[in-house]
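First the structure, in the form of C-alpha cells, and then the observations on it.
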Amino acid sequence: MTLSRLPAPAGPPDDVPHETWEGQTAVLAAAAAGAGAAGRRAAAWVRLLPAPPLPVPVGDWFAGELPAAIETAIGGLDPEECDHMAPDGRAIDGTGGVDAGTISILAAVPVVLAEAGWLAPDQQARLLAVASAVTGAVRLIANDPGTAILHGLLTRLCAVLDHAARPGGVVCVP
C-alpha cells in the first residue's frame, strides 16, 4: 500500500491572516460575557453544595477543583483555538481555549459522583448536567465557533448551565 501525503501549503500558517466578519468583535464580547456569567453562577452553586458528613478527598475536590475548572473552562473559551489544518495537511483538533487538565477534571464528574453519596440524586444529576454543558460549550467553540455563537448554540448551552445550577433545587412544572 502506498500512502501519499498532500503537499503542505506554501509558507507558515501565519501567512494567511484570520479574516474577521462584520460585527465579530461585538458578538464575541456578548457571547463571552453571557457564558462567563453562567460559568461563574454554576461554579458558585457547586461551591454551595453540602459538604460530606466526614472529611473525604472527594469533598475537597467538589469544593475546590471542580468549580475552578468550570470557571476556567467557560472563562477561557476562545474561538481562535478551533479545529484547523496543520501546515503538513494533518487535521488538528482545537481546544476551544481550554487546556487538557481542565477538561480532565470535568470529565471525571461521572466517576467521582459515585463517591458523593451525601449528595441528593437531584444534586448529582445537576452536577452531571453542569459538567456536560461546560464540556459541550468547549467542544462547540473548538469545532465550529461561528455556528455556535451566531446560531445561539452557545447561548442555549449556557441556559442549560444556568438551569442545572439554579439555587432553588427541583422545579416542578404542572
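Side-chain atoms of V109 and V130, non-hydrogen and from C-beta on, never get closer than 4.5 Å to each other. Counting heavy atoms from C-beta on, the side chains of W118 and L54 never come closer than 4.5 Å. Residues C82 and D144 fail the side-chain proximity criterion, which asks for heavy atoms closer than 4.5 Å. Residues V56 and E115 are not in side-chain contact: their nearest non-hydrogen atoms beyond the backbone lie 4.5 Å or more apart. Contact annotation: the side chain of L153 approaches that of R156 to within less than 4.5 Å [non-hydrogen atoms, C-beta and beyond]. Using a 4.5 Å heavy-atom cutoff, the side chains of L161 and V134 are in contact. With contacts defined as side-chain heavy-atom distances shorter than 4.5 Å, the pair I141/D78 does not qualify.
A distance of 12.5 Å separates CD in E81 from CG in D93, rounded to the nearest 0.5 Å. To the nearest 0.5 Å, atoms CG (L119) and CG (L113) are separated by 7.5 Å. One distance of note links CG of L154 with OG1 of T147; it measures 12.0 Å at 0.5 Å rounding.
Between the R139 side chain and the G136 main chain, no donor and acceptor come within less than 3.5 Å of each other. Side-chain atoms of T72 do not come within 3.5 Å of backbone N or O of A69 as any donor-acceptor pair. A donor-acceptor pair is defined here as one N or O able to donate and one able to accept, closer than 3.5 Å; no such pair exists between the side chain of S132 and the backbone of L128.
If you chain together hydrophobic residues whose side chains sit under 4.5 Å apart, I149 and V160 never meet in one group. Neither L140 nor I103 shares a network with the other; the hydrophobic side chains, linked directly or stepwise wherever heavy atoms of I, L, V, M, F, W or Y lie under 4.5 Å apart, form separate groups for each.
Among all heavy-atom pairs drawn from A142 and G94, the shortest one is CB-O, 3.5 Å. Considering all non-hydrogen atoms of both residues, P67 and V46 come closest at CD-CG1, 3.9 Å. Contact between Q123 and P50 at its shortest, heavy atoms only, is NE2-CD, 3.5 Å. Closest heavy-atom contact between A165 and A42: CB-CA, 3.6 Å. Heavy atoms only, all atoms of each residue included: V98 and A73 are closest at CG2-O, 3.4 Å.
Screening residues 29-55 for side chain to side chain donor-acceptor pair (under 3.5 Å), with sequence neighbours left out, gives R41-D162, R47-E71.
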Report the C-alpha separation of L106 and L66 in whole Å, then their side-chain angles, then the decisive distance to 0.1 Å, and conclude whether the side chain to side chain contact (heavy atoms under 4.5 Å, CB included) test is met.
CA-CA 7 Å; L106 295 166; L66 180 58; 4.0 Å; yes

